[in-house]
Structures are given as C-alpha cells and as structure tokens.
Amino acid sequence: QVIDCTNLTVLPGLIDPHVHLRDPGDPRVETFLGGTRGAVLGGITTLFDMPNTAEPVTSRDRLERKIELMSGQIWCDVGLYLAATKTNSVELGTLEQQENVCAIKVFLGSAKGELLVDDDASVETIMRDGARRICFHSEDETRLQERKKLFLAGGPHRLHADWHDVECAFLGTRRLAALARRTGRPIHILHVSTAEELSYLQDFRDLVTTELLVNHLTHFGPDIYDTHGGFAVMNPPIRDRRHYDAAWAAVRDGMVDCIGSDHAPHSREAKERPWPETAAGLTGVQTLVPVMLNHVSEGRLSLERMVQLMAEGPARVYGLANKGRIAIGYDADFTVVDPDRRRTIEQDWIASPCGWTPFDGYECTGWPAMTVIRGQIVMREDEVLGSPSGRPAGFSTAGLS
Ligand code: DOR
Ligand code: ZN
Ligand code: ZN
C-alpha cells in the first residue's frame with residue numbers, strides 16, 4: 001500500500017494519555033465506539049482510558065470485563081488504568097503487571113465513594129505495594145470540603161476556581177512529592193494546574209513526572225467562565241492568566257512530560273446545572289491535536305516539542321511497548337498532519353454522543369489529515385475507514401518486580 005503524503009508532515013502516532021471513555025456507562029454521553037471514533041478523526045492513534053466508570057476498574061474481574069467489552073468497539077488502541085481504593089493495593093500491586101494496564105490511578109481528592117483515597121497512610125500503602133509509576137489526581141480533599149463551605153450555591157461558574165483554589169492542588173502535590181520521596185516510588189501527577197506546583201516539583205524530577213492539559217494551555221479565567229459558563233467547569237479548574245503563563249513556561253523549560261485532553265464527557269443537561277451542581281469535566285480527545293497544532297502555528301511551541309510531549313513523553317512515562325507482538329521495532333502508527341490547513345472546530349464534527357466541545361468556533365491552523373494504525377489508514381480527510389480494529393495497548397513491565 002502506498003500512502004501519498006505530498007505536502008503533509010508525518011508524525012509518530014500521537015497519544016492522548018488522559019481520556020474518560022465512560023464505557024460501560026450511559027451511551028447517550030459516551031461509548032468506546034464514539035469516543036475512539038473521535039480520537040482517530042482528531043489524529044490520535046492510542047489513548048489511555050480512565051477507570052472511574054460506573055463500575056470502576058478496581059479488580060482483575062472488572063479489568064477483564066472491560067477488555068472484553070472493548071473488543072470490536074475501538075477505532076484506536078486503548079491502554080487501561082486501574083482504580084485504587086483504600087483496600088485494593090495488594091491486588092493492584094500484582095494486577096499492574098497485566099500487559100494492557102497503563103498505570104494505577106489514585107484520586108487524592110475530587111472523587112466520590114470508594115475511589116477517594118484522601119489520607120497519607122492509604123497512599124503510602126499503595127506506593128509500597130507494586131513498582132510501576134502511579135498516576136494521581138492531586139487535590140487535597142479536606143481543604144476542598146472546607147473551601148466549599150465558604151461559597152453560597154447559585155453563584156457564577158467562575159467561583160469554581162476559587163473553591164478549588166491553588167492551595168487545594170498545591171497541598172495535594174506537596175503531600176504526594178513527600179510520599180514519593182519517602183517510598184522511592186515514581187509517580188506521575190496528572191493535570192498539573194498551578195505555577196506553584198510546577199516550581200515546587202523542580203526538585204523532584206528524579207521521581208515525579210507531570211502532565212499538563214490542553215485546556216489549561218488554551219483557556220484562562222475569568223474570561224472562559226464568562227464565555228462558557230458551566231461548559232468551562234472541570235477539576236482541577238481552569239485558572240487565571242498567571243497559571244496559563246507558567247504552564248507555557250513549563251512546556252518550554254522541560255518541566256512537563258505529557259500533554260493530555262482529560263476528555264471527560266457529561267450530558268449538556270449536567271453541564272447546564274447551576275454552580276456548584278454543574279458536572280465537572282470537558283470533552284477533548286478529538287480536538288487535542290488540532291488545538292496543539294494551532295499552538296505550534298502561533299509559535300508557542302515547536303512541532304518537535306509537541307511530538308515529544310504527545311508521543312515520546314507518554315510512551316516513556318507509561319512504558320508503552322509492543323509487548324507480545326513484534327520483537328524489535330514499533331507498530332507503524334502515524335499521525336499525518338497538514339500544518340497549513342486552516343479550519344474551524346465545529347460542534348457537529350464531534351463524534352462523542354454527548355455532542356459538544358468547549359472549542360466550538362476555535363480556528364486552527366494545522367489539522368490532522370490521516371490517522372495510520374499498524375500501517376492501515378483509519379482516518380483520511382474526515383472519513384473513518386475500515387472497521388473498529390483497535391487493540392488493547394501493550395505496556396512493558398520488564399525489570400519490575
Ligand atoms: O473535571 C473532571 N472530570 N476531573 C476529574 O478528575 C474527573 C473528570 C470526570 O470523570 O468527569
Ligand atoms: Zn483528574
Ligand atoms: Zn481525568
């Protein structure tokens with residue numbers, strides 16, 4: 001097969017390491033089929049799926065069930081997170097060796113029920129059982145609950161960033177860095193959102209890797225709350241310009257390893273609820289590459305740096321491999337882009353059943369032209385081709401106990 005890439009730029013397959021596909025769940029909001037269709041339309045060849053589904057992925061049974069459910073339903077490759085609870089650390093310490101597991105995810109804050117692991121003793125136990133890098137949602141739950149009491153319901157959506165203030169995230173990150181130092185366990189802090197954390201973590205680069213979100217690199221408050229209302233509400237929140245500037249400085253000075261979308265679909269009805277009942281989370285897997293290409297075209301980062309943060313970084317941080325498939329070399333996964341193509345993101349382009357994007361009307365220079373997975377063209381010029389033949393992604397656990 002000959003693939004004509006005249007006037008196009010061929011990149012390694014781009015990875016979205018932070019996606020909530022929510023399947024099994026509410027098919028009116030998101031599905032494996034719709035979410036991964038959006039991914040390949042947006043130039044993503046592999047994504048990592050978060051475990052906080054209706055039945056969270058807390059055990060071997062749930063993991064196996066999810067792998068079965070994905071079969072024939074995914075357009076791109078999908079790695080799977082495991083969800084930590086206060087009681088499953090021994091099981092997860094073994095289960096993290098399963099080849100399709102990208103990492104264990106721990107919610108230090110902003111989670112409900114059994115997925116909330118808010119005390120240092122439980123986190124330390126999780127860090128001592130197992131060996132692979134652990135991913136964290138870093139917000140201090142006690143502080144979040146105390147802050148919440150200071151606000152009256154029904155306020156403007158921008159109050160969300162005051163409730164989940166800088167200290168909520170910074171306190172969580174200080175606690176995690178100390179625990180990583182004490183146990184020697186490598187950790188990955190997802191969606192770092194404050195200037196304070198980025199500066200503090202400079203002394204922990206030997207153990208701590210970081211992710212920034214495209215949302216935090218594209219929007220800032222209070223403006224985004226004025227234009228988007230509940231459709232800008234997420235955790236950790238979109239903050240003011242100072243943090244946006246610090247995030248871009250971190251992209252350039254090397255303090256960041258990965259960029260993700262935190263694609264977290266909710267129904268329109270749930271996003272339109274008055275604050276603070278608004279569901280937190282924005283869609284993004286389909287718009288991640290176009291928006292980042294636009295940042296490249298506007299000179300905020302180089303295309304090389306974008307590829308480091310969206311292919312090399314996630315592969316390194318999570319240990320993405322071709323385990324069990326090819327002994328030497330890599331799958332022929334490519335994202336082919338047209339760096340000069342100008343196009344506006346429109347709501348009706350979105351494949352997720354929830355059908356909305358916070359980037360509606362956002363004008364991009366740079367657009368994915370083809371998504372190639374294992375040498376097969378899965379998307380060309382907005383057309384999704386073939387059948388959903390994505391696979392569970394493979395991770396190398398070589399050298400781990
Ligand atoms: O805004 C968020 N939405 N933050 C999270 O950590 C979870 C996510 C979701 O699942 O909706
Ligand atoms: Zn999170
Ligand atoms: Zn998330």
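Order of appearance sets the numbers: ligands from 1, and atoms from 1 within every ligand.
Nearest protein heavy-atom contact of atom 3 (N) of ligand 1 is Ala280 O, 2.9 Å. Looking only at heavy atoms of the protein, atom 11 (O) of ligand 1 is closest to Arg22 NH2, 2.7 Å. At the top of the distance list for atom 5 (C) of ligand 1, counting protein heavy atoms only, stands Asn235 O, 3.8 Å.
Using a 4.0 Å cut-off between charged side-chain N and carboxylate O, Arg205 and Asp257 make a salt bridge. No salt bridge links Asp223 with Arg241; every basic N to acidic carboxylate O contact stays at or beyond 4.0 Å. Arg175 has no carboxylate O lying under 4.0 Å from a charged side-chain N of Glu124, or vice versa, which leaves the two without a salt bridge. Between Arg147 and Glu167 there is no salt bridge, since no side-chain nitrogen of the basic residue lies less than 4.0 Å from a carboxylate oxygen of the acidic one.
Here Phe204 pairs with Tyr200 under the ring-ring contact (aromatic ring centres under 6.0 Å, His included) rule; sequence neighbours left out.
Using a 4.0 Å cut-off between heavy atoms, Met234 contacts ligand 1 through both its backbone and its side chain. Only the side chain of Asn52 comes within 4.0 Å of ligand 1, judged by heavy-atom distances. Only the side chain of Ala264 comes within 4.0 Å of ligand 1, counting heavy atoms alone; its backbone N, CA, C and O stay farther away. If you look at Met50 next to ligand 1, there are no close heavy atoms at all, none under 4.0 Å. Looking at His160 against ligand 1, nothing comes within 4.0 Å, counting heavy atoms.
The aromatic rings of Phe231 and Trp356 stand perpendicular to each other, their planes meeting at an angle above 60°, with 30° marking the opposite boundary. Using a 30° and 60° split on the angle between ring planes, Tyr244 and Trp248 fall in the perpendicular class, above 60°.
Atoms of ligand 1 lying under 4.0 Å from any heavy atom of Phe107, numbered from 1 in the order shown and given with element: 6 (O). Listed by atom number, the atoms of ligand 1 under 4.0 Å from His266 heavy atoms are 11 (O).
Within the protein, the number of N, O or S atoms lying under 2.8 Å from the Zn ion (ligand 2) is 2.
Sorting the N, O or S atoms of His20 by how far they are from the Zn ion (ligand 3) puts NE2 first.
Geometrically, Lys105 engages Phe107 in a cation-pi contact, judged by NZ or CZ lying under 6.0 Å from the ring centre and within 45° of the ring axis.
For a threshold of 3.5 Å applied to N or O pairs, the pair formed by Asp262 and ligand 1 contains no separation below that value.
A 6.0 Å sphere centred on CZ of Arg133 holds more than 12 heavy atoms belonging to other residues, nucleotides or ligands.
Between Ser122 and Val117 the shortest heavy-atom distance is CB-CG1, 3.6 Å.
In this structure, Phe359 has its ring center closer than 6.0 angstrom to the ring center of His219.
When the options Leu176, Leu171, Asp118 are evaluated for a side-chain contact (heavy atoms from CB on, under 4.5 Å) with Asp140, the one that passes is Leu171.
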